[in-house]
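Take a look at the structure set out below.
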Protein chains: 2
Amino acid sequence: MLQLDNQACFALYALSREIINHYRPLLDEIDLTYPQYLALMVLWECQPQTVNQLGERLRLDSGTLTPLLKRLEQKKLIIRTRRSSDERVVEITLTQSGKELKNAALEIPVKVMQSMNVTMEELSELRIIAQKLLEKSGRGCLSATTTD
Amino acid sequence: MLQLDNQACFALYALSREIINHYRPLLDEIDLTYPQYLALMVLWECQPQTVNQLGERLRLDSGTLTPLLKRLEQKKLIIRTRRSSDERVVEITLTQSGKELKNAALEIPVKVMQSMNVTMEELSELRIIAQKLLEKSGRGCLSATTTD
DNA sequence: CATTATTATATTGTGCGCAATATATTATCT
DNA sequence: AGATAATATATTGCGCACAATATAATAATG
């Protein structure tokens with residue numbers, strides 16, 4: 001009985017890496033890692049956002065985001081500026097090429113679905129359960145669309 | 001439509017990390033990381049195993065496993081020995097304390113379920129879909145029980 | 001039997017992910 | 001206003017993941 005739930009956690013862990021591995025060759029073409037791609041997706045939705053807001057959305061802390069965002073800045077995809085009214089917060093803004101990269105990224109998810117040989121229905125089923133468990137166990141800020 | 005499947009991948013990625021974060025305080029008590037715990041679980045099932053066999057089961061390569069296994073060896077939980085009949089392969093054997101650690105680890109999954117506030121049914125549902133997608137997209141060596 | 005190819009693991013380098021800590025700024029409270 | 005607390009980000013250190021490469025041993029071939 002105990003083993004069974006272990007396998008559930010492991011299956012999730014393995015599948016998560018498997019999907020990212022399918023993203024990799026496609027993201028390589030636009031010189032992004034999967035976490036960098038996620039950060040840009042959040043910014044494509046709503047912009048500018050603070051590091052804190054990005055972190056809540058992605059469930060990542062500044063120890064992860066700061067270097068990641070610096071790499072995106074080096075690639076001239078975003079700009080990091082301290083808010084003049086509160087010098088503690090760093091606001092992330094997309095550059096023109098950062099905005100334009102969205103067009104190249106749009107087709108990636110379909111290609112991943114094809115390369116993984118999975119259907120929209122399977123993905124939806126998985127997403128719904130995953131989001132339900134995220135809401136139960138964590139703060140549940142996934143479907144919150146915190147794009148104030 | 002494209003956003004939807006992105007969120008499926010992200011939900012999985014976020015949930016995977018969330019679960020591991022729930023494991024962390026429990027695994028801290030027995031001085032293990034989650035990947036180290038997984039490696040030991042495979043060894044508790046079947047022992048000894050080569051690095052290659054462990055890697056297939058965990059879907060991890062030697063670049064990840066070699067340092068991980070060296071840490072487990074430093075903790076006196078396993079022993080790494082080169083097979084005399086073929087000096088290329090490294091066989092992993094549990095030490096006595098490595099075997100005994102299973103007892104302390106047995107109760108962890110139930111505690112994780114409780115701390116995440118999820119049911120066995122939800123986990124099973126998730127595991128079944130995840131394993132199905134893993135089989136479709138990858139080599140599908142999850143339910144293979146490759147414990148020769 | 002020597003050469004080549006294959007196999008198994010190790011090494012190196014990059015980028016997360018997260019805990020712990022540090023730093024700097026702003027808000028709060030006498 | 002000055003001391004204290006709270007907030008937002010940055011830094012450091014460790015352990016994965018994975019690609020690329022290296023090393024060593026075995027198998028296959030002529």
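The sequence lines fix the lettering, A, B, ..., with proteins before strands; numbering per chain opens at 1. Because the structure is a prediction, the values reported are computed rather than measured.
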Check your understanding: Going through the distances and angles, do M116(A) and V112(A) end up as a side-chain contact (heavy atoms from CB on, under 4.5 Å)?
Key -> CA-CA 6 Å; M116(A) 290 195 64; V112(A) 170; 4.1 Å; yes

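Residue-level contact check: S16(B) touches neither bases nor backbone, having no heavy atom under 4.0 Å from any strand. Here R83(B) lies out of heavy-atom contact (under 4.0 Å) with every strand.
Between Y37(A) and Y23(A), the two ring planes are tilted [angle within 30° to 60°].
Formation of a donor-acceptor pair under 3.5 Å by the R59(A) side chain with backbone atoms of R17(B) is not found in this model. Proximity of a side-chain donor or acceptor of E125(A) to a complementary backbone N or O of I129(B) within less than 3.5 Å is not detected. Side-chain atoms of T50(B) do not come within 3.5 Å of backbone N or O of E91(B) as any donor-acceptor pair.
A pairwise comparison of heavy atoms in R88(B) and R82(B) identifies O-NH1, 3.1 Å as the closest pair.
For E87(A) and V90(B), each mapped to the nucleotide of DNA chain C holding its nearest heavy atom, the one lying further toward the 5' end belongs to V90(B).
Between K70(B) and dT11(C) there is a side-chain polar atom (N or O) within less than 4.0 angstrom of OP1 or OP2.
Under the 3.5 Å distance criterion, with hydrogens and angles disregarded, a donor-acceptor pair is assigned to the side chains of K75(B) and Q36(B).
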Listed pairs, N/O of protein and of nucleotides 15-19 of chain C, under 3.5 Å:
unit_1: dC16(C); atom_1: OP1; unit_2: T33(A); atom_2: OG1; d: 2.7
unit_1: dC16(C); atom_1: OP2; unit_2: Q36(A); atom_2: NE2; d: 2.8
unit_1: dC16(C); atom_1: OP2; unit_2: R71(A); atom_2: NH1; d: 2.6
unit_1: dC16(C); atom_1: O5'; unit_2: R71(A); atom_2: NH1; d: 3.2
unit_1: dG17(C); atom_1: OP1; unit_2: Y13(B); atom_2: OH; d: 3.4
unit_1: dG17(C); atom_1: OP2; unit_2: Y13(B); atom_2: OH; d: 2.2
unit_1: dC18(C); atom_1: OP1; unit_2: N21(B); atom_2: OD1; d: 3.4
unit_1: dC18(C); atom_1: OP1; unit_2: N21(B); atom_2: ND2; d: 3.1
unit_1: dC18(C); atom_1: OP2; unit_2: R17(B); atom_2: NH1; d: 3.1
unit_1: dC18(C); atom_1: N4; unit_2: G63(A); atom_2: O; d: 3.4

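Taking a heavy-atom distance under 4.0 Å as the criterion, the stretch of DNA chain D touched by chain B extends 5' to 3' from dG15(D) to dT26(D).
Taking K76(A) as the reference, nothing meets the side chain to side chain donor-acceptor pair (under 3.5 Å) condition, with sequence neighbours excluded.
Going from atom CZ of R88(A) over to atom C1' of dT25(C) covers 5 Å, rounded to whole Å.
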